[in-house]
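Down below is the structure, laid out as structure tokens.
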Amino acid sequence: RDLRHVTYAAVPHGAKTYLAAALARASGERLVWIARDAEIADRVAEELAAWLGGAEHVVTLEPRTALAYERSELVRDESAARVASLAAWRQAGGGARILVASLQALFQRTLAPDDIPSEPLRLAPGLRMGPERVLSDLVAMGYEHVPEVGGRGEFARRGGIVDVFPAGQPMPVRIEWFGDEIDSLRAFDPADQRGTGAVESAALLPASEFLLAAGVRASLVERMKRSVERLPEGLQADLGRFEDGALGDAAELWGGYLAPHTGLDHVGPAIWLVDEPEEVATVAEFLQSQAEERRGELERAGEIPARWASAYPTPPEWKAALNEARTLEFTWESELEGAPPGGNPFGWHEPVLPPAPIGDLAATVRRWRVDGARVVLASDQSARLSEILEDDGQGAAPLTDLEEAVPAGGLALIERSLNGGFAGGPEGLQFVTDRELFGTVRVRRPKAMRRVVPRDLLERLEPGEVVVHVDHG
């Protein structure tokens with residue numbers, strides 16, 4: 001058998017992340033989870049962090065919201081967050097075991113792996129590095145000079161003080177000097193610009209996936225040869241802005257030239273976990289066809305020349321990448337081409353509960369335990385469940401962490417729910433969540449790495465002007 005490509009079917013959704021965490025622990029390998037979309041990726045990352053014992057073991061690569069070839073200002077928070085994720089994944093000894101990403105996040109253009117330093121520039125009090133050197137490095141790493149820092153990838157200077165919001169950091173930092181020596185670093189709230197406390201150090205990563213190094217125009221002209229002379233007026237204007245260090249609204253349109261690599265180039269020798277491969281294949285086809293359709297429209301309109309660089313990996317490139325990688329594909333469907341008889345060797349299935357799960361909970365749990373099952377109830381309402389079980393003589397205090405495996409016939413109650421349960425398998429596990437108990441799960445979205453709207457923007461708004469909510473549209 002070709003163990004480079006393994007396929008499993010009939011895997012309950014709740015068991016997928018359990019399987020991935022077990023594989024990461026048992027094999028010592030790093031894994032890349034490929035999800036259909038960003039929402040699923042966020043949910044998977046949350047579950048993997050729970051199974052692996054901490055968020056530091058999981059890196060999530062979010063997609064940029066802009067579409068292929070779209071002329072729109074680069075959202076620096078998004079780009080800086082992607083750089084921070086790729087940098088965290090690059091640190092092989094940093095604890096990250098699994099990279100979780102939607103297909104779009106992996107398809108989008110980004111900087112080269114070698115453009116992410118193995119060790120970021122680290123500022124600390126006592127370091128002899130003058131403000132001019134720091135400012136020069138910030139510009140080279142793609143930070144944007146603004147009047148007031150409000151989002152990641154921005155910096156501002158006021159006399160001998162420099163404010164910067166580093167990629168991957170939760171708060172911006174205010175740097176003060178004594179001569180050429182850094183005197184203090186203080187975090188501050190970007191909403192009101194007030195300091196929140198001293199920090200020991202600040203790591204500076206590139207703040208953009210589209211770095212405009214000196215001589216970028218000459219480099220592009222060399223790559224494009226004679227065709228550069230026939231570029232439309234809009235693209236010629238872009239080249240002029242690039243030489244001045246301004247990206248403008250050209251990031252997605254010029255991505256294939258400014259950042260010819262993709263997220264796929266950063267995953268390394270990890271095992272690829274393809275969640276619902278047929279859905280992933282459909283999304284890949286949609287993204288590629290959408291990009292080609294847009295490229296065709298721009299070509300017909302004379303806004304880009306023929307054979308302009310592709311926004312995403314081409315279908316043959318994506319197929320080749322899948323073939324070259326070690327892959328584990330799994331689906332909840334009962335059948336999938338290449339899967340073994342029965343779908344998978346584990347024997348998992350959805351938990352089977354009575355029609356009134358809560359009313360019959362104590363009796364159901366008792367029956368499972370008598371049958372030798374290892375029962376784990378993971379619920380946001382664990383205190384309520386504990387009372388129900390206590391009344392039946394099955395005491396189980398809610399736990400925040402489960403340090404050891406539950407013994408056969410044992411019971412554990414966890415103070416949080418995941419997104420779905422599963423049962424059976426060689427462990428004889430009954431893992432039940434709020435989805436099975438109450439029919440729903442509270443949605444937990446990770447805190448988005450979005451910019452804070454600066455006060456001067458709010459002051460410029462006039463009554464009656466139309467605004468768009470950053471989260472809800």
Side-chain angles (χ1 to χ4, degrees), residues 1-9 11-63 82 84-107 110 113 116 262-281 283-284 313 318 321-332 336 338-339 344-346 348 418-420 422 425 427 446:
R1 298 188 321 183
D2 180 11
L3 294 180
R4 288 184 58 82
H5 304 288
V6 177
T7 302
Y8 290 149
V11 181
H13 287 301
K16 292 176 181 177
T17 50
Y18 176 75
L19 173 61
L23 176 60
R25 286 183 179 276
S27 68
E29 298 266 10
R30 305 180 90 198
L31 314 178
V32 175
W33 184 297
I34 302 177
R36 178 188 68 198
D37 56 46
E39 184 176 350
I40 291 176
D42 288 339
R43 189 163 64 241
V44 165
E46 179 197 28
E47 291 203 0
L48 289 170
W51 286 120
L52 291 170
E56 69 275 10
H57 301 301
V58 182
V59 174
T60 305
L61 181 65
E62 299 280 359
R82 283 170 55 85
S85 295
L86 294 173
W89 182 245
R90 181 181 173 90
Q91 301 294 324
R97 305 294 302 279
I98 303 180
L99 174 67
V100 182
S102 67
L103 194 63
Q104 184 182 20
L106 291 172
F107 272 15
T110 189
I116 298 178
T262 69
L264 296 172
D265 297 316
H266 289 258
V267 300
I271 298 174
W272 294 16
L273 307 183
V274 185
D275 182 13
E276 300 299 330
E278 293 183 355
E279 294 181 3
V280 168
V283 170
W318 169 235
L322 280 173
N323 287 335
E324 291 171 7
R326 295 173 297 161
T327 61
L328 169 58
E329 298 182 336
F330 40 52
T331 178
W332 68 274
L336 184 66
N344 67 76
F346 308 110
W348 291 316
L418 297 185
N419 296 290
F422 60 98
E427 304 88 355

I need the [X] [atom1] to [Y] [atom2] distance, nearest 0.5 Å.
X: D37; Y: D42; atom1: CG; atom2: CG; result: 9.0 Å
X: L48; Y: L99; atom1: CG; atom2: CG; result: 11.0 Å
X: L19; Y: N344; atom1: CG; atom2: CG; result: 8.5 Å
X: H266; Y: I116; atom1: NE2; atom2: CD1; result: 5.0 Å
X: L322; Y: L264; atom1: CG; atom2: CG; result: 8.5 Å
X: T331; Y: K16; atom1: OG1; atom2: NZ; result: 5.5 Å

Nearest atoms (heavy-atom pairs only) where [X] meets [Y]:
X: V58; Y: A49; value: CG2-N, 3.7 Å
X: H13; Y: E276; value: CE1-OE2, 3.8 Å
X: A38; Y: S102; value: N-CB, 3.6 Å
X: A50; Y: L418; value: CB-CD2, 3.9 Å
X: L31; Y: A20; value: CD1-O, 3.3 Å
X: G53; Y: H57; value: C-CD2, 4.2 Å

With side chains defined as the heavy atoms from C-beta onward, is the minimum distance between [X] and [Y] less than 4.5 Å?
X: V11; Y: F346; value: no
X: E47; Y: Y18; value: no
X: P345; Y: Y8; value: yes
X: I98; Y: V44; value: no

Short question: side chain of [X], backbone of [Y] - any donor-acceptor pair under 3.5 Å?
X: R36; Y: D275; value: no
X: R97; Y: A24; value: yes
X: S85; Y: T60; value: yes
X: R30; Y: W89; value: yes

inquiry  = Applying side-chain contact (heavy atoms from CB on, under 4.5 Å) to V267 and L106, what does each step give before you reach the verdict?
reply    = CA-CA 9 Å; V267 300; L106 291 172; 4.3 Å; yes
message = Under the criterion side-chain contact (heavy atoms from CB on, under 4.5 Å), I'd like the reasoning laid out for V6 against F330: C-alpha separation, chi angles, the key distance, then a yes or no.
response = CA-CA 9 Å; V6 177; F330 40 52; over 6 Å; no
message = Does the structure place the NZ or CZ of R25 under 6.0 Å from the centre of the six-membered ring of W51, at an angle of no more than 45° from the ring's axis?
response = no
request  = Decide yes or no on side-chain contact (heavy atoms from CB on, under 4.5 Å) for L336 and E278, but give the supporting numbers first.
outcome  = CA-CA 9 Å; L336 184 66; E278 293 183 355; 3.8 Å; yes
inquiry  = Apply side-chain contact (heavy atoms from CB on, under 4.5 Å) to residues N419 and E46 and explain how you reach the verdict.
reply    = CA-CA 9 Å; N419 296 290; E46 179 197 28; 3.7 Å; yes
request  = Evaluate the ring planes of F422 and W348, with Trp represented by its six-membered ring, and classify them as parallel (under 30°), tilted (30 to 60°) or perpendicular (over 60°).
outcome  = perpendicular
request  = Measure up the W272 and W318 rings against each other and bin them: parallel (under 30°), tilted (30 to 60°), perpendicular (over 60°).
outcome  = parallel
